Amino acid sequence: MSQLLRVQNFTVSSDGFGAGEGQSLEKPFGHADPGNMFAWAIATDHSPINRSEPGGSRGLDDYITRDYARNIGAEIMGRNKFGPQRGAWQGHEWQGWWGDEPPFHTPVFVMTHHKRPSFTLSDTTFHFVDGDPAAVLAQAKEAAQGQDVRLGGGATIIRQFLEADLVDTLHVAVVPTKLGSGARLWESPDELLDRFHQDVVPSPSGVTHHLFWRK
């Protein structure tokens, strides 16, 4: 069975933005409130996002978050998901937003035009690569050793891989809030229907899950 490139648990506003404007060290999602954007996932029992209290919901949202790590051997992300810096790296001391125990547990390939040495935190190794989507995906698949590759975002990187026709499956959670501006994934999910089948599943939490797979 071939390795898949999967988008999982990617959350956007009702107007299609995955993050707001004004990203900074203190505000990874710009003017978007991450507590509001990701409340649906944080509340689940199998949340990949750290929770302040143990336990969580066991309904539809939890069923979906359980799939986050299943058969994933590597992740690809854009530089803006790793950190807010732009241009050449100003030192290598800062190592991302996730602390000493990143939630990935696989090799992670950070797409950037400014390379820096790889480093490891716990069981996650970050590699900084400059290449087109197909070339980076080839590296990630090799590192995944037969397992699938997760495309972690942000929205700009996901669009690049969609335009290159490299994405096999997508799960996008749409939250009932508008951002108005920022990094946009889509204006409408219907944009993907020429290449993907789609299921739309509303959740009692208020989010709507959009599930896509290749035709």
Side-chain angles (χ1 to χ4, degrees), residues 1-14 16-19 37-38 40-42 44-49 59-78 80-82 102-111 124 129 131-175 183-203 205 207-215:
M1 186 174 179
S2 62
Q3 292 173 279
L4 301 178
L5 180 63
R6 296 156 50 190
V7 176
Q8 296 175 271
N9 298 0
F10 193 76
T11 302
V12 301
S13 62
S14 60
F17 294 97
M37 290 282 287
F38 304 109
W40 73 270
I42 294 171
T44 65
D45 188 55
H46 290 83
S47 172
I49 305 170
L60 171 64
D61 295 339
D62 183 59
Y63 182 84
I64 288 175
T65 59
R66 263 184 258 171
D67 205 40
Y68 180 76
R70 180 186 59 82
N71 199 43
I72 293 294
E75 166 147 343
I76 297 169
M77 68 172 63
N80 291 2
K81 182 175 176 179
F82 177 81
F104 308 108
H105 312 296
T106 66
V108 174
F109 293 83
V110 181
M111 295 181 67
T124 297
V129 294
D132 61 37
V136 174
L137 178 57
Q139 293 181 65
K141 282 186 172 181
E142 182 177 1
Q145 298 182 346
Q147 293 184 293
D148 295 339
V149 176
R150 181 171 52 235
L151 182 58
T156 301
I157 290 296
I158 293 176
R159 287 201 315 271
Q160 289 179 12
F161 278 80
L162 285 169
E163 290 166 4
D165 198 26
L166 295 171
V167 178
D168 295 298
T169 68
L170 301 88
H171 162 240
V172 180
V174 179
V175 298
R184 173 167 253 155
L185 178 65
W186 59 40
E187 292 194 19
S188 167
D190 292 349
E191 297 167 13
L192 303 183
L193 296 184
D194 61 331
R195 287 174 288 159
F196 293 92
H197 300 285
Q198 179 191 31
D199 277 343
V200 180
V201 186
S203 168
S205 65
V207 305
T208 302
H209 298 288
H210 292 252
L211 307 169
F212 301 88
W213 64 101
R214 276 184 181 275
K215 288 183 176 180

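In this text, all values refer to a predicted model and were calculated from it rather than measured experimentally. Numbering starts at 1 and runs along the sequence shown.
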Listed partners of Ser203 passing side chain to side chain donor-acceptor pair (under 3.5 Å), at least two apart: Asp61, Ser205
CE (Met111) and OG1 (Thr156) are apart, to the nearest 0.5 Å, by 11.0 Å
Suppose we screen for side-chain contact (heavy atoms from CB on, under 4.5 Å). Which residues come up paired with Asp194, at least two apart in sequence or across chains? none
Of all residues at least two apart in sequence or in a different chain, which pass the ring pair (Phe, Tyr, Trp, His ring centres under 6.0 Å) check with His197? Trp213
Partners passing side chain to side chain donor-acceptor pair (under 3.5 Å) against Gln198 (at least two apart in sequence or in another chain): His210
Only distances under 3.5 Å count here; give the side-chain donor-acceptor pairs of residues 161-170 to other protein atoms, sequence neighbours excluded, each with its distance to 0.1 Å.
from, atom 1, to, atom 2, distance (Å)
Asp165, OD1, Arg214, NH1, 3.3
Asp168, OD1, Arg214, NE, 3.0
Asp168, OD2, Leu5, N, 2.8

Compare every heavy atom of Phe82 with every heavy atom of Met77, then report the nearest pair and how far apart it is. SD-N, 3.9 Å
With a cut-off of 3.5 Å and sequence neighbours excluded, list every side-chain donor-acceptor pair involving residues 102-110.
from, atom 1, to, atom 2, distance (Å)
His105, ND1, Asp123, OD1, 2.9
His105, ND1, Asp123, OD2, 3.1

Under 3.5 Å, which donor-acceptor pairs do the side chains of residues 137-150 form with other protein atoms, sequence neighbours left out?
from, atom 1, to, atom 2, distance (Å)
Asp148, OD1, Leu4, N, 2.9
Asp148, OD2, Arg6, NH1, 3.0
Asp148, OD2, Asn71, ND2, 3.4
Arg150, NE, Glu75, OE1, 2.7
Arg150, NH1, Tyr68, O, 2.6
Arg150, NH2, Glu75, OE1, 3.1

Minimum-distance pair of heavy atoms, taken over all atoms of Ser13 and Val174: O-CG1, 3.8 Å
Spacing of CG belonging to Leu211 relative to CD belonging to Gln8, to within rounding of 0.5 Å: 11.0 Å
Taken in chain and number order and not counting sequence neighbours, the residues that satisfy ring pair (Phe, Tyr, Trp, His ring centres under 6.0 Å) with His209 are Trp40, His171
Which pair of non-hydrogen atoms, one from Ile158 and one from Leu151, has the smallest distance, and what is that distance? CA-CD2, 3.9 Å
Rounding to 0.5 Å, atoms CH2 (Trp186) and CG (Leu192) come to a distance of 6.0 Å
Nearest 0.5 angstrom please: Leu185 CG to Ile157 CD1, how far? 12.5 Å
